[in-house]
Amino acid sequence: VHFQRERSSVMLKKFFAHFEEIVGAVVLFIMVSITFVNVITRYVIVYPLSFTEEVTVNLFVWLVMAGTSLAFRQNANLAMTFVYNHLPKKVRKICFCFSCFLTVVFLGLLTWLGTSQVIDEIELGSVTESLAIPSAVYSAAVPFFSVIILIRFSQAARDFVAQGRY
């Protein structure tokens, strides 16, 4: 029983460690599959599936947000460091703290505004045109991944401070 619990814990940790890759792979697979089917139907039976564009475009938001979270987790996000690297350590520390503050404020606003949009879409009963899927399903990517990005950013910032890399 202890072994199974430990194994489950390890698998859960791996899932959360690679959450963005898993979501990104699943979403990309769905997007490619739907687009491929649309191309086949367009050229074989000369009848394109109109809903595929709706799904693909809306899933792209999920893919971009997952990729952004992954970039923050791997510290692979775009950074202009030429000037920063030439600053004295004390000034770099101030700049690091200021950029952390701005990032947290931005992600907090994105979470709040994204959540407001999802709530509005639910209250208005907004649905997509082709499939009549609630719009909130697609819009939920913004507040959901904003929180995930905030977590990943906090992890990266903690590691930077612990290693003295600011």
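This structure is a prediction, so every number in the text was calculated from the model and none was measured. Quick note: numbers below take in every heavy atom, side chains included, and nothing from hydrogens, waters or symmetry partners.
Phe160 and Tyr84 end up in the same hydrophobic cluster when Ile, Leu, Val, Met, Phe, Trp and Tyr side chains are linked at under 4.5 Å. Val39 and Val37 fall into different hydrophobic clusters, where Ile, Leu, Val, Met, Phe, Trp and Tyr side chains are chained together by heavy-atom contacts under 4.5 Å. Linking ILVMFWY residues whenever their side-chain heavy atoms come closer than 4.5 Å, directly or via other members, leaves Ile40 and Tyr43 in distinct clusters. Each of Phe101 and Phe72 belongs to its own hydrophobic cluster when Ile, Leu, Val, Met, Phe, Trp and Tyr are linked at side-chain heavy-atom distances under 4.5 angstrom. Note on Val105 and Trp112: same hydrophobic cluster, where clusters join Ile, Leu, Val, Met, Phe, Trp and Tyr whose side-chain heavy atoms are under 4.5 Å apart, directly or indirectly.
Of the inter-residue distances, the one linking Phe16 atom CZ with Ile22 atom CD1 reads 9.5 Å to the nearest 0.5 angstrom. Summarising the geometry, atom CZ belonging to Arg158 is positioned 12.5 Å from atom SG belonging to Cys100; distances are rounded to the nearest 0.5 Å. Between the CD1 atom of Ile148 and the OG1 atom of Thr68 there is a distance of 13.0 Å, given to the nearest 0.5 Å. Remark: Gln117 CD to Ile122 CD1 distance equals 11.0 Å, nearest 0.5 Å. To the nearest 0.5 Å, atom CD1 of residue Ile133 and atom OG1 of residue Thr128 are 5.0 Å apart. Separating the CG atom in Leu70 from the CZ atom in Phe145 is a distance of 10.0 Å, to the nearest 0.5 Å.
Environment of CZ in Phe36: sparse, with no more than 12 heavy atoms of neighbouring residues, nucleotides or ligands closer than 6.0 Å. No more than 12 heavy-atom neighbours from other residues, nucleotides or ligands sit within 6.0 angstrom of CZ on Phe60. Atom CD of Gln74 sits in a crowded spot, with more than 12 heavy atoms from other residues, nucleotides or ligands closer than 6.0 Å. In this structure, Glu129 places its CD atom where only 12 or fewer heavy-atom neighbours from other residues, nucleotides or ligands lie under 6.0 Å away.
Ring planes of Phe144 and Trp62: tilted class, angle from 30 to 60°.
Lys89 and Gly164 make their closest contact through NZ-O, 3.2 Å (heavy atoms, listed as atom of the first residue, atom of the second, distance). Closest approach of Met31 and Leu59 over heavy atoms only: CG-CB, 3.8 Å. Closest approach of Phe96 to Ala157, counting heavy atoms only: CZ-O, 4.0 Å. A pairwise comparison of heavy atoms in Gly24 and Ala66 identifies N-CB, 4.4 Å as the closest pair.
Panel note: side chain Ser139, backbone Val118; no donor-acceptor pair is recorded below 3.5 Å. When atom types are taken as modelled, the side chain of Thr115 and the backbone of Thr111 share a donor-acceptor pair closer than 3.5 angstrom.
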Working for side chain to side chain donor-acceptor pair (under 3.5 Å), residues Arg152 and Gln155 | CA-CA 5 Å; Arg152 296 304 192 186; Gln155 292 169 337; 3.2 Å; yes
Working for side chain to side chain contact (heavy atoms under 4.5 Å, CB included), residues Ser146 and Leu150 | CA-CA 6 Å; Ser146 294; Leu150 187 57; over 6 Å; no
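The side-chain heavy atoms of Glu54 and Tyr138, taken from C-beta on, include a pair separated by under 4.5 Å. A 4.5 Å side-chain heavy-atom check between Ile151 and Arg73 finds every atom pair outside the cut-off. With contacts defined as side-chain heavy-atom distances shorter than 4.5 Å, the pair Thr103/Leu107 qualifies.
Across Leu28, Val23, Ile30, a single residue satisfies side-chain contact (heavy atoms from CB on, under 4.5 Å) together with Leu63, and that is Leu28.
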